[in-house]
Amino acid sequence: MTHHLVVTAIGENRPGIVNEVARHVTDCGCNIVDSRLGIFGNEFTFILLLSGSWNQITRLETTLPLFSQSQELITMMKRTQVLSQPSYALSADVEMVLADRPGIVNRCTQFFSDRGWDIQAMQSQTLSGDESGKFQAHFQLNLPEQLADGEAEDTFGQLCHELECERHSFRLKRK
């Protein structure tokens, strides 16, 4: 039986650190099923979904704390099950650019949650250079299939109007 483990590693970004983490996972006999990497300031964050036998996952769980200490990483791990995602007939990629201020992400996530829109991915950042003082957010959403054509885009447009977005886009995809 295959077992699964979610691992998050955070530490100072330096050349080779991602390779060190990947090597440790491989040395324990585990497979990287899915991963995400982000650089925030001078820190990197590496999120991994791993698979392996019970023995392989247990080996990683027992060796990760000492490995993390030697690499000056903060790590968290949790066993999980890989379940099939509910099938959504509709998805959307949405993007917005507006003046940066506290509470924007919370306002967006609350708006999506209130409508039963499932957030699958999110990326946001405060912009610099010519767009200094602006905030950009991108969301990948799964939407309830009972939405009428144009309804989701109009609803998202209302949020953008309330937030006084300078630009926004909404791309609906039927699966």
Side-chain angles (χ1 to χ4, degrees), residues 2-11 13 17-18 21-22 25 30-52 75-175:
T2 302
H3 294 261
H4 293 87
L5 185 72
V6 175
V7 175
T8 301
I10 303 171
N13 187 31
I17 187 60
V18 173
V21 174
V25 167
C30 295
N31 183 44
I32 299 173
V33 176
D34 195 0
S35 65
R36 303 287 187 278
L37 177 95
I39 306 296
F40 300 97
N42 194 38
E43 307 302 312
F44 86 100
T45 301
F46 197 20
I47 305 170
L48 306 111
L49 173 62
L50 309 175
S51 67
T75 56
M76 296 186 312
M77 58 188 143
K78 184 177 187 302
R79 288 218 184 198
T80 189
Q81 295 179 6
V82 176
L83 303 174
S84 60
Q85 289 284 342
S87 178
Y88 288 91
L90 298 173
S91 66
D93 285 328
V94 300
E95 202 162 311
M96 53 180 55
V97 175
L98 61 153
D100 190 23
R101 59 188 178 274
I104 295 170
V105 172
N106 175 248
R107 177 68 183 105
C108 292
T109 58
Q110 185 67 58
F111 181 88
F112 300 144
S113 177
D114 289 348
R115 285 150 186 82
W117 296 7
D118 185 30
I119 300 171
Q120 290 298 295
M122 179 182 97
Q123 183 178 5
S124 64
Q125 64 182 347
T126 300
L127 302 174
S128 58
D130 291 345
E131 295 198 281
S132 182
K134 304 267 191 298
F135 177 81
Q136 181 179 33
H138 176 254
F139 296 90
Q140 293 175 341
L141 307 166
N142 284 327
L143 308 176
E145 60 186 286
Q146 66 268 22
L147 287 173
D149 286 349
E151 182 181 353
E153 186 170 4
D154 291 344
T155 302
F156 178 69
Q158 292 169 4
L159 171 66
C160 292
H161 179 74
E162 289 172 23
L163 294 176
E164 300 175 345
C165 290
E166 293 183 17
R167 344 183 262 282
H168 66 277
S169 67
F170 183 95
R171 291 175 300 283
L172 185 68
K173 300 176 193 172
R174 293 198 182 275
K175 296 180 182 177

Inset, instruction - Would you tell me whether Gln110 and Asp114 have side-chain atoms, one donor and one acceptor, within less than 3.5 Å of each other? - result: yes
Inset, instruction - Classify the side-chain pair Ser91/Asn142 by whether it contains a donor and acceptor separated by less than 3.5 Å. - result: no
Inset, instruction - Without swapping roles, check the side chain of Arg174 against the backbone of Leu172 for a donor-acceptor pair under 3.5 Å. - result: no
Legend entry - Polar side-chain atom of Thr155 near backbone of Glu151 as donor-acceptor pair, under 3.5 Å: yes
Contact summary for [X] and [Y], nearest pair of heavy atoms:
X: Cys160; Y: Met96; result: SG-CE, 3.9 Å
X: Gly41; Y: Ile39; result: O-CG2, 3.6 Å
X: Leu159; Y: Cys108; result: CD2-SG, 4.2 Å
X: Leu5; Y: Val7; result: CD2-CG2, 3.7 Å
X: Trp117; Y: Ala152; result: CH2-O, 3.5 Å
X: Met122; Y: Thr109; result: SD-CG2, 4.4 Å

Inset, instruction - Determine, stepwise, if the pair Thr80 / Leu49 fulfils side chain to side chain contact (heavy atoms under 4.5 Å, CB included). - result: CA-CA 9 Å; Thr80 189; Leu49 173 62; 3.8 Å; yes
How many angstroms lie between atom [atom1] of [X] and atom [atom2] of [Y], to the nearest 0.5 angstrom?
X: Gln140; Y: Asp118; atom1: CD; atom2: CG; answer: 11.5 Å
X: Glu131; Y: Gln125; atom1: CD; atom2: CD; answer: 10.0 Å
X: Leu141; Y: Phe156; atom1: CG; atom2: CZ; answer: 8.0 Å
X: Thr45; Y: Ile10; atom1: OG1; atom2: CD1; answer: 4.5 Å
X: Phe44; Y: Leu37; atom1: CZ; atom2: CG; answer: 7.0 Å
X: His161; Y: His168; atom1: NE2; atom2: NE2; answer: 11.0 Å

Legend entry - Residues Leu143, Tyr88; criterion side chain to side chain contact (heavy atoms under 4.5 Å, CB included); working and verdict: CA-CA 7 Å; Leu143 308 176; Tyr88 288 91; 6.0 Å; no
Legend entry - Non-hydrogen side-chain atoms of Leu48 and Val6 separated by less than 4.5 Å: no
Legend entry - Any side-chain heavy-atom pair of Leu50 and Ile32 under 4.5 Å: yes
Legend entry - Option among Leu98, Leu127, Val97, Leu163 that satisfies the side-chain contact (heavy atoms from CB on, under 4.5 Å) test with Phe135: Leu98
Inset, instruction - State whether Phe111 and Arg115 meet the cation-pi test: NZ (Lys) or CZ (Arg) under 6.0 Å from the six-membered ring centroid, and within 45° of the perpendicular axis. - result: yes
Inset, instruction - May I ask you to decide if the ring planes of Phe139 and Phe112 are parallel, tilted or perpendicular, using 30° and 60° as cut-offs? - result: perpendicular
Legend entry - From CA spacing to verdict: side chain to side chain contact (heavy atoms under 4.5 Å, CB included), Asp93, His138: CA-CA 7 Å; Asp93 285 328; His138 176 254; 4.0 Å; yes
Legend entry - Flag if over 12 foreign heavy atoms under 6.0 Å of CZ, Arg101: yes
Legend entry - Over 12 foreign heavy atoms within 6.0 Å of CD, Gln81: no
Inset, instruction - Taking only Lys NZ, Arg NE, NH1 and NH2, and the carboxylate oxygens of Asp or Glu, determine whether Arg167 and Glu95 approach each other closer than 4.0 Å. - result: no
